[in-house]
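Just so we're on the same page: letters track the sequence lines, and every chain starts at 1. Worth saying up front: this structure is predicted, and the values here are computed from it rather than measured.
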Protein chains: 2
Amino acid sequence: MLDAVKIALSYALSAAAIKRKNASMSQRSSSGSSGGSSRGSRASGRPTLAELARIAGVSPITASRALRGIASVDPDLAKRVREAAAALNYVANPAARTLASAHSDAVAVLIPSLSNLLFIDTLEAIHDVLMPRGLEVLIGNFHYSPEEEEKLVRNYLAYQPRGILLTGLEQTPATRSLLKASGIPVVYMMELSRETGLHSVGFSQEESGAAVARHLLARGRRHLAYVAAQLDPRALERGLGFQRVLAGQREVRPPVWLSVPEPSSVALGGELFVRLLDAYPDIDGIFFCNDDLAQGAIFEATRRQIPIPGRVAVVGFNDLPLSAHMAPRLTSIRTPRARVGEAAAHRLVDLMDGDCRAEPAIDLGFELIERESS
Amino acid sequence: MLDAVKIALSYALSAAAIKRKNASMSQRSSSGSSGGSSRGSRASGRPTLAELARIAGVSPITASRALRGIASVDPDLAKRVREAAAALNYVANPAARTLASAHSDAVAVLIPSLSNLLFIDTLEAIHDVLMPRGLEVLIGNFHYSPEEEEKLVRNYLAYQPRGILLTGLEQTPATRSLLKASGIPVVYMMELSRETGLHSVGFSQEESGAAVARHLLARGRRHLAYVAAQLDPRALERGLGFQRVLAGQREVRPPVWLSVPEPSSVALGGELFVRLLDAYPDIDGIFFCNDDLAQGAIFEATRRQIPIPGRVAVVGFNDLPLSAHMAPRLTSIRTPRARVGEAAAHRLVDLMDGDCRAEPAIDLGFELIERESS
DNA sequence: GCTTCGTAAGATAGCGCTGTCTTTGATGGC
DNA sequence: GCCATCAAAGACAGCGCTATCTTACGAAGC
């Protein structure tokens, strides 16, 4: 008897396999696809975990654990499962997985605009961090509307994501409470929050506007203007920083403030530039809240032979790829947009892993790139 | 007895509601969250269809049908369900829905690059068509690699999407057979396929290259070059069209062909421009496969005081927003990239609805925008 | 009045996984 | 050699929906 037990053990794996094969076969004949059931098949036509397990000669739950890399599975069994999965081209059904575990492998990312290159860089960096970790990225565009953002959050929460990345801090109260109630980790991008418990990655928008003001003052400019498009709360912050520095100066009047709701574009920049100089001919320095506006201004100035920076200095924001190549080359604030995405994604991964120790606000700073236009 | 039945019927709705309430309560006490079950609760904490149904006083299946807008539900009941859903902030669990119905409400969109503005316009148009129809958009970036595309397709098929949008026609055979086996509708974007059964929306890349060649010839240019970056199959097609037209001309030699694998960028355009003119000083016309390259060339030419189009004519591709504003303004091919996304999404929706009648290839054409640079 | 039929509502049974508890067998201490 | 302890594998049940079959009812026909 004892000998028999030992022998059985030494062949445990194959014995178990046979036993299971029989079990699953008898099961099949009673309700499987081969036809016992009176109800029609709703199967999706893809291999299931049960089939994979049968082929690998293990139980479904062991196959599940093996594929998820759970340590308690015997390495040999795990290898058999992986091989069988490769042979079958098995890919787990994410819907079943989400339903059973009450959470998906998705991360929702909400950005205010797809057409702004700025966020594309951020998105790509996020992708590069999350995809290798097997996380799906759900992208939502809320068009700078907190209400739309709320709708998206409500919708994406139904997907039971592992984490959420938000842009800015302008959420509606309902959005905030939805997020809090869900218990899902959230990281805010682009701005810095002092609120405890909020994790944010970005830089000081206000301070970047202040830096531009100081730069223009240092260049001897005294009649300044701030030009913004698209009702972007971060652009507003920058304008306020710009204003704050100027307010502290003698012999410098408050900046002309030109803000329009249309989306930012090169064409609009040219238009606003002309409108501004017509109305305030003595302006000698302009801070555009985005590079495309500043680029449009420079093109228009070239066309009208308005010397830049001779008559008016121009400073942009974001340091888009073209700005370094213009004639004159555009002075701009280089924003760490790709690094924001990267750091935010990393922070989110840490939070998902239950690691909350790091300081909640990560300031990645910004850099004023002084070029010919100022 | 009969009277009793009639009375019961006239109060059918509320009676049913009470009955169900009792049923679900007794059920709860045996296995629900209130604690009878010995196993812990795995509930997601969100309202479920069963709760919604209880509140609306209907059965879960009726609530399900009402929310999905299935016609056979009594309008009054449907209204009650919708009201209850609004009161509860009920959002159906997409995982459960997908698992039960064997298909999700997602559409997978695969594009070769996120950082190319071109595809962003297409993506945004796709979003605008699909989101209002309640379809989720899954975005995959395959980095111009058919192998990566194959991996993404395999992965996204596990999500059981309702449809798939692909960019280009360069799929691996495995990708094609995966798609065919899945039976899921697919629409190909950007290029036109003559293959029967393939639905495509785009324009003739080859013909657009030919149009540029004809344009430069008409401008009297005889020593031409084609410059491409990023191993983009569509750029190659354009080059071939360019070449084809030139090959048919007397006294015009075949174009210089400069193609590098790096991603397209303004800086690279400047570099390639200089390299090209150094090696072939008599070149008098260049077709750049993307506007950013052409823009870089123009910036570099301005810097080196090489007259454009005086010494060399420059033509770009895609008509990016800046091209109309350069000095000199850039001649380019305006591509219908947003309309491609829109039309492809519409075609996909039609296919999902089982409407396959329309002609499979939709040619949206292109437009040569003649400006100062040529 | 009785049967036949069509329609709206409900009962039932999963979809394919994973959390949890249970079982099994190996290990170590006495 | 026997029992407590531990780890690995499996059994079980259920996540929240929807497809399908069934039932119940009213209308229509004889």
Protein-nucleotide distance (A:Leu52, atom CG; C:dC17, atom C1'), rounded to Å: 12 Å
Nearest-nucleotide pick for B:Val73, side chain only, options being C:dA9, C:dC15, D:dA19: C:dA9
Residue pair B:Leu166 / B:Leu179, side-chain heavy-atom distance below 4.5 Å: yes
Most 5' of A:Ala96 and A:Ile61 on DNA chain C, judged by nearest nucleotide: A:Ala96
A:Arg46 vs C:dG16: side-chain N/O to OP1/OP2 distance below 4.0 Å: no
B:Asn93 CG to C:dC17 P, straight-line distance once rounded to whole Å: 16 Å
Among D:dG16, C:dG10, D:dC17, the nucleotide that comes nearest once only the side chain of B:Thr62 is considered: C:dG10
Nearest-Å distance for atom pair CG/P, residues B:Leu99 and D:dT18: 11 Å
Side chain to side chain contact (heavy atoms under 4.5 Å, CB included) partner of A:Val81, chosen from A:Ile55, A:Leu49, A:Leu67: A:Leu67
Candidate pair B:His199 and B:Val186, rule side-chain contact (heavy atoms from CB on, under 4.5 Å), full reasoning: CA-CA 7 Å; B:His199 292 261; B:Val186 179; over 6 Å; no
Closest nucleotide among D:dC17, D:dT18, D:dA8 to the B:Ser101 side chain: D:dT18
Pair A:Glu147-A:Lys151, salt bridge (Lys or Arg N to Asp or Glu O under 4.0 Å): steps then yes or no: CA-CA 6 Å; A:Glu147 288 72 33; A:Lys151 222 174 288 175; over 6 Å; no
Minimum-distance nucleotide (side-chain atoms of A:Ser59 versus C:dG14, D:dC15, D:dG10): D:dG10
For atom CG of B:Asp105 and atom P of D:dT18, their distance in whole Å: 10 Å
Distance-minimising heavy-atom pair for B:Val201 and B:Ala344: CG2-CA, 3.8 Å
D:dC17 phosphate, OP1 or OP2, under 4.0 Å from B:Tyr90 side-chain N/O: yes
Distance, rounded to the nearest Å, where B:Asp74 contributes CG and D:dA24 contributes C1': 15 Å
Nucleotide C:dA9, atom P - distance to CG of B:Asp76 in whole Å: 10 Å
Nearest-angstrom distance from the residue atom CG of A:Leu77 to C1' of C:dG25: 14 Å
Sugar-phosphate, base or nothing in reach of A:Arg65, heavy atoms under 4.0 Å: base
For atom CZ of B:Arg54 and atom C1' of C:dA9, their distance in whole Å: 19 Å
